[in-house]
Trainee: 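My questions will all concern the structure given below.
What you are looking at is a predicted structure, and each value in this text was computed from that prediction instead of being measured. Basis for what follows: all heavy atoms, side chains included, without hydrogens, waters or symmetry-related copies.
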Amino acid sequence: MAYVISSDCVSCGSCAGACPTGAIKEGDEHYEIDANTCIDCGTCADTCPTGAISQG
């Protein structure tokens, strides 16, 4: 199951830079993860300074 980004996201972009597949893009409210591209590696969650990313 792909990771998801909650509303706790502060749009810092650290997750997007860390994602090895480029699955994370800036959305209207906060960054979003493309579930079809996400490989469930968890790098984004480890990088997020606010803990806004978790498995969905």
Side-chain angles (χ1 to χ4, degrees):
M1 184 173 290
Y3 280 74
V4 293
I5 302 176
S6 74
S7 60
D8 292 335
C9 173
V10 294
S11 295
C12 70
S14 62
C15 59
C19 181
T21 62
I24 304 173
K25 305 286 184 215
E26 192 168 4
D28 292 336
E29 301 282 321
H30 53 74
Y31 276 77
E32 298 174 352
I33 299 174
D34 179 354
N36 294 321
T37 308
C38 177
I39 59 171
D40 299 321
C41 68
T43 301
C44 58
D46 293 339
T47 305
C48 181
T50 62
I53 304 174
S54 61
Q55 278 192 305

Trainee: Can you name the residues that form a side chain to side chain contact (heavy atoms under 4.5 Å, CB included) with Val10, not counting sequence neighbours?
Mentor: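 For Val10 the side chain to side chain contact (heavy atoms under 4.5 Å, CB included) partners, ignoring immediate neighbours, are Cys12, Thr50.
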
Trainee: Please tabulate, for the side chains in residues 35-48, all donor-acceptor contacts under 3.5 angstrom to protein atoms that are two or more places apart in sequence or on a different chain.
Mentor:
residue : atom : partner : partner atom : Å
Thr37   : OG1  : Asp34   : OD2          : 3.0
Asp40   : OD1  : Ala2    : N            : 3.3
Asp40   : OD2  : Met1    : N            : 3.4
Thr47   : OG1  : Thr43   : O            : 2.8

Trainee: Locate the shortest heavy-atom distance separating Tyr3 from Ile33; write the atom from each residue and the value.
Mentor: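 Heavy atoms of Tyr3 and Ile33 come nearest at O-CD1, 3.4 Å.
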
Trainee: In residues 23-32, what donor-acceptor pairs under 3.5 Å come from side-chain atoms, sequence neighbours left out?
Mentor:
residue : atom : partner : partner atom : Å
Lys25   : NZ   : Gly22   : O            : 3.4

